[in-house]
Amino acid sequence: MERMTLKEIAAAIGADGSFEGAVDCVSTDSRALPPGCLFVALEGERFDGHDYITAALRGGAACAVAHERRDYGAGPVMYVKNTQRALMDIARAYRARFDIHCIGVTGSVGKTTTKDMVASVVSAGFQTLKTEGNLNNEIGLPKTLLGLTRGHEVAVVEMGMQGFGEIAALADVARPTLGVITNIGVSHIEQLGSRENIMKAKLELADALPDGAPLFLCGDDDLLKKVSIPRLDVRFYGVENPACALHAADIREADAQTAFTLHYPGGQVGATIPCIGLHNVRNAVAACGVGMALGIPAEKCAAALAAYVPSGMRQRVVHWGSVTVVEDCYNASPDSMRAALTTLSAMRCAGRRIAVLGGMLELGAYSQAAHREVGRAAAGTGVDLLLAYGGDACYYSQGAKEGGVESETFSDKADLLARLRGALGPGDIVWVKGSRGMRMEEVLQGLYKGE
Ligand code: ATP
Ligand code: MG
């Protein structure tokens, strides 16, 4: 971060502007405060930053931002209505200093992957700042933008949401100049009521783009493909879909990588990504589209995809003895489950295809039906055995059995592991996936350790 005066910050957050001085850093973590920084006291579920203000000021913070009036002892404190809002406002003012492209990436699934692939491609032509990991909310996004420096030429930010108005708020801070929407799924359908509403909420990103800005929409999505926004330069992307100006064809999966030909207006180029699955090819096509929109030649965009490194626990292919394990424990939703099962069915397999699926969380009233549907999808895509764990996982099994596939549900990972070990044979592929809260990586750890 570059220096901001306290007066500048006060003006941005609507606080008392009488304090002199400046800060080179904004932090919300009192345990790791560089001297001279601004400490913004956020109120979390488990911790309240206000409890740490006194220590922060004593420890060398130049100033603190609070919404609770207490006697904090020494040091300047700026008071606001809401500290989280203040963090957004500081980042908003800071972002406005930089006349650079900002690419906003949203969608129901594939945001982090697409964001990381876009950043890999854009880095081939520009100094790029990107959202680290999954910091895509009203805390992560401002923190990301506060990392901008004069050296940066492009920012790539992931934008998550759970309801209306959230993408609009994030976009108001990030001021995106290009947008990507990966798909419209069913995550957060509880809050929003329908996929149409989910799309409306995602399209708040479009509203924030300046006239004529490129907006990349996945043309393989039944809802997104119908979107028309004459004010913007809407570009559709997809796989095996010539209706999309940008699309991948001739897709060849081999081991842990996938090769394809990228077709774009005016040409085509070969590319390889270090991961599997049509959905990842889709994400890669979007990334190349963004790179080309910024003027990076197609060949360079395609070559840069090789530098993409999948973020933690997302579909890592591991050869474990004579068995192939796909570690996909980061998260799960009905959409990403379907993408995973389709990918599993397309993998060359000398043995059996075994799906070890942890429950999908946060689906509310849709939960049982969604699990049953995934179970049926597993049967329809050639899974030979489905081992289910936790949450509404018994409905996976119900769906799988309806599709004629062997399935068992477990409430204990040790039991599941024992069953899995008994079932494994040479040439098998095991795909392990579940919601974050299911911690399916424990199954992998147990498997590898031989517990
Ligand atoms: P979150 O909501 O947790 O931020 P996300 O939208 O960032 O999720 P990723 O972390 O990129 O999504 O991917 C999550 C999982 O979704 C991946 O492991 C993969 O299984 C699947 N996935 C990735 N891209 C797509 C896509 N374009 N379509 C469907 N599924 C996808
Ligand atoms: Mg993410």
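As the structure is a computational prediction, the values presented were derived from the model and not from experiment. In each ligand, atom 1 is the first atom listed, and ligand 1 is the first ligand listed. Starting from 1, each residue takes its place in the sequence as its number.
Between Glu406 and Lys401 there is no salt bridge, since no side-chain N of the basic residue sits under 4.0 Å from a carboxylate O of the acidic one. Salt bridge present: Asp328 and Lys433 bring a charged side-chain N and a carboxylate O closer than 4.0 Å. Ion pairing of Glu442 with Lys449 is absent here, as no side-chain N (NZ or NE/NH1/NH2) approaches a carboxylate O to less than 4.0 Å. A salt bridge does not link Asp428 to Arg353: none of the charged nitrogens lies less than 4.0 Å from a carboxylate oxygen. With salt bridges taken as basic N to acidic carboxylate O contacts below 4.0 Å, one links Asp211 and Arg231. In this structure, Asp221 pairs ionically with Arg195, as a charged nitrogen and a carboxylate oxygen lie closer than 4.0 Å.
Remark: Ser228 engages Pro230 in a side-chain contact (heavy atoms from CB on, under 4.5 Å) (not counting sequence neighbours).
Residue contacts with ligand 1, taken as heavy atom pairs separated by less than 4.0 Å, do not involve Thr182 at all. Only the side chain of Asn134 comes within 4.0 Å of ligand 1, judged by heavy-atom distances.
Between the Thr182 side chain and the Val109 main chain, a donor and an acceptor come within less than 3.5 Å of each other. With hydrogens and angles ignored, the 3.5 Å screen pairs no side-chain donor or acceptor of His371 with any backbone N or O of Gln368. Judged by distance alone, with hydrogens and angles left aside, the side-chain atoms of Glu2 form a donor-acceptor pair with the main-chain N or O of Arg150 at under 3.5 Å. For the pair Lys202 (side chain) and Ile181 (backbone), a donor-acceptor distance under 3.5 Å is absent.
In terms of N/O distances under 3.5 Å, ligand 1 is approached by Tyr330. For ligand 1, none of its N or O atoms has an N or O atom of Thr114 under 3.5 Å away. Residue-to-ligand polar distances keep Arg282 apart from ligand 1: every N/O pair is separated by 3.5 Å or more. Checked by distance only, ligand 1 and Gly107 stay at 3.5 Å or farther apart across all their nitrogen or oxygen atoms. Residue Asp335 places no N or O, backbone or side chain, under 3.5 Å from any N or O of ligand 1.
Tested against Met161, the residues Leu192, Asn137, Asn136 include a single side chain to side chain contact (heavy atoms under 4.5 Å, CB included) partner, Leu192.
Near Ala339, the atoms of ligand 1 lying under 4.0 angstrom from a non-hydrogen atom of the residue are 29 (C), 30 (N). Residue-ligand proximity, Asn331 to ligand 1, at heavy-atom distances under 4.0 Å covers atoms 3 (O). Counting the atoms of ligand 1 from 1 in the order shown, those under 4.0 Å from a heavy atom of Asn136 are 4 (O).
In terms of protein heavy-atom proximity, atom 24 (N) of ligand 1 is closest to Asn283 ND2, 3.0 Å. For atom 28 (N) of ligand 1, the closest non-hydrogen atom on the protein side is Asn183 ND2, 3.4 Å. For atom 12 (O) of ligand 1, the nearest protein heavy atom (residue, atom name, distance) is Gly110 N, 2.9 Å. Among all non-hydrogen protein atoms, the one lying nearest atom 11 (O) of ligand 1 is Thr113 OG1, 2.5 Å. The shortest contact between atom 16 (O) of ligand 1 and any protein heavy atom is with Ser336 CB, 3.1 Å. Shortest contact from atom 29 (C) of ligand 1 to any protein heavy atom: Val109 CG2, 3.5 Å. Annotation: atom 18 (O) of ligand 1 to nearest protein heavy atom, Asp328 OD1, 2.9 Å.
Considering only heavy atoms from C-beta on, Thr128 stays 4.5 Å or farther from His152 through its side chain. A heavy-atom distance below 4.5 Å is found between the side chains of Met199 and Leu224.
Taking the ring centre of Tyr264 as origin, the terminal cationic atom of Arg235 falls outside the region bounded by 6.0 Å and 45° from the ring axis.
Excluding waters, the protein N/O/S atoms found under 2.8 Å from the Mg ion (ligand 2) are Thr112 OG1, Asn134 OD1, Glu158 OE2.
Comparing Arg314, Gln315, Arg338, Met117 against atom 9 (P) of ligand 1, the shortest heavy-atom distance belongs to Arg314. The heavy atom nearest to atom 6 (O) of ligand 1, out of those in Arg436, Lys111, Met337, His279, is found in Lys111.
To the nearest 0.5 Å, the span separating CZ on Phe47 from CZ on Arg31 amounts to 6.5 Å.
Residue contacts with ligand 1: Ser108 is included, with a non-hydrogen atom under 4.0 Å away.
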